[in-house]
Amino acid sequence: MTPSARRLTLAGALGLIGAGLSVLAGLTQLLLGHRIPAWSGNKSDTVGLGLLSILLGGIAFVAAVSLRRPAATSPGRRVGALAGLLVPAGLCLSTIGRLSYVPAVLLLAAAITVIAAGDIRNMIQATTQHWLQVLLSVLGGLEVLLAISAAPLPIAVIGAFSGVLLLAAPWLPVRASLRAALILIAVIPFASLTWTSLITPLIALLAIFICTCWWRGIAGEHNRRLA
């Protein structure tokens, strides 16, 4: 096994532990968050944020598993795994407070280990090739952050899960038409419910614009291949 492969295996192991602890922290927030406010970020919506943290842990788990497969040597796969580790690490700090410290550190360590595995130039190139997907995921993370402070509870829950869907949809291995539909589902309901905030409708418009540009790029590439 090459040094790069060993580092990716280590990153996967750290990610799996961090993801597992993130899910455990989410369950704690879900069941006991209202009893330990100092540890759970003093959140009023411990149920919704607990479920969100479990979902973020699931995303990190998928990213960690992908690093333990031979395909992880692909720069594109590494970039996707890196995003799948960093985003949950950052967002869980806003959802479950102190409970997320250890999982976040482990996920961050896993991400640093992926970078240390080398091939940085090709990873940067892969990022530039998928920059529209990266932008959509950034908008998804922003939507999650907005949902955390939203009220009432049903709107906050819808916003949180919409944000996670927008974060993940660009990278799902599904048909382009289904991916576009998921992106629309991820932005339109939350924007419609919180249109007075102006920021969520703006996120929706940006996401639709980026999705349209991406769709045209896919269609153009398909036509060039046929030619």
Side-chain angles (χ1 to χ4, degrees), residues 26 45 47-63 65-66 76-77 79-92 94-95 126-226:
D45 177 21
V47 175
L49 294 178
L51 291 173
L52 175 60
S53 300
I54 293 171
L55 186 55
L56 290 171
I59 292 175
F61 178 83
V62 172
V65 168
S66 71
R77 291 296 181 92
V79 170
L82 194 60
L85 294 169
L86 287 175
V87 173
L91 292 180
C92 68
S94 300
T95 58
T127 302
T128 58
Q129 290 175 346
H130 299 284
W131 66 277
L132 291 177
Q133 292 162 270
V134 172
L135 284 178
L136 285 169
S137 292
V138 169
L139 290 176
L142 179 58
E143 196 171 56
V144 170
L145 291 176
L146 291 172
I148 291 173
S149 58
L153 175 59
I155 293 180
V157 172
I158 291 173
F161 284 92
S162 296
V164 170
L165 179 58
L166 181 58
L167 191 154
W171 308 97
L172 295 177
V174 296
R175 296 179 60 180
S177 57
L178 177 57
R179 192 181 297 118
L182 291 174
I183 291 171
L184 292 177
I185 293 171
V187 295
I188 292 178
F190 188 48
S192 300
L193 291 170
T194 58
W195 64 271
T196 55
S197 68
L198 298 182
I199 185 64
T200 50
L202 179 59
I203 290 175
L205 290 174
L206 285 173
I208 292 171
F209 175 74
I210 294 170
C211 185
T212 301
C213 293
W214 186 20
W215 182 279
R216 289 181 176 178
I218 294 174
E221 183 179 352
H222 179 68
N223 291 334
R224 284 193 297 270
R225 290 178 179 177
L226 291 178

Rounded to the nearest 0.5 Å, the OG atom of Ser162 sits from the CG atom of Leu193 at a distance of 8.5 Å
Step by step, work out the side-chain contact (heavy atoms from CB on, under 4.5 Å) result for Glu143 and Thr200.
CA-CA 7 Å; Glu143 196 171 56; Thr200 50; 5.6 Å; no
Side-chain contact test, heavy atoms from C-beta onward, threshold under 4.5 Å: evaluate it for Leu91 versus Leu145 and give yes or no. yes
SG (Cys213) and CG (Leu135) are apart, to the nearest 0.5 Å, by 10.0 Å
So CG of Leu206 and CD1 of Ile210: to nearest 0.5 Å the spacing works out to 6.0 Å
d(Leu142 CG, Ile203 CD1) to nearest 0.5 Å is 4.0 Å
Residues Pro88 and Ile59: closest non-hydrogen pair is CG-CG2, 4.1 Å
Smallest heavy-atom separation, Ala147 atom then Ala160 atom, equals CB-N, 3.2 Å
Value for CD1 (Ile208) from CD1 (Ile183), rounded to nearest 0.5 Å, stands at 10.0 Å
Rounded to the nearest 0.5 angstrom, the SG-CG distance for Cys92 and Leu52 is 9.5 Å
- Go through the steps for Leu146 and Thr194 under the test side-chain contact (heavy atoms from CB on, under 4.5 Å), then give the verdict. CA-CA 10 Å; Leu146 291 172; Thr194 58; over 6 Å; no
Note: Ala81 and Ala63 closest approach over all heavy atoms is O-CB, 3.6 Å
- request: Check whether any side-chain N or O of Ser137 sits under 3.5 Å from a backbone N or O of Leu167 as a donor-acceptor pair, and report yes or no.
  value: yes
With a sphere of 6.0 Å drawn around CZ of Phe61, does it hold more than 12 non-hydrogen atoms of other residues, nucleotides or ligands? no
Only residue of Val164, Val144, Leu165 satisfying side chain to side chain contact (heavy atoms under 4.5 Å, CB included) with Leu55 is Val164
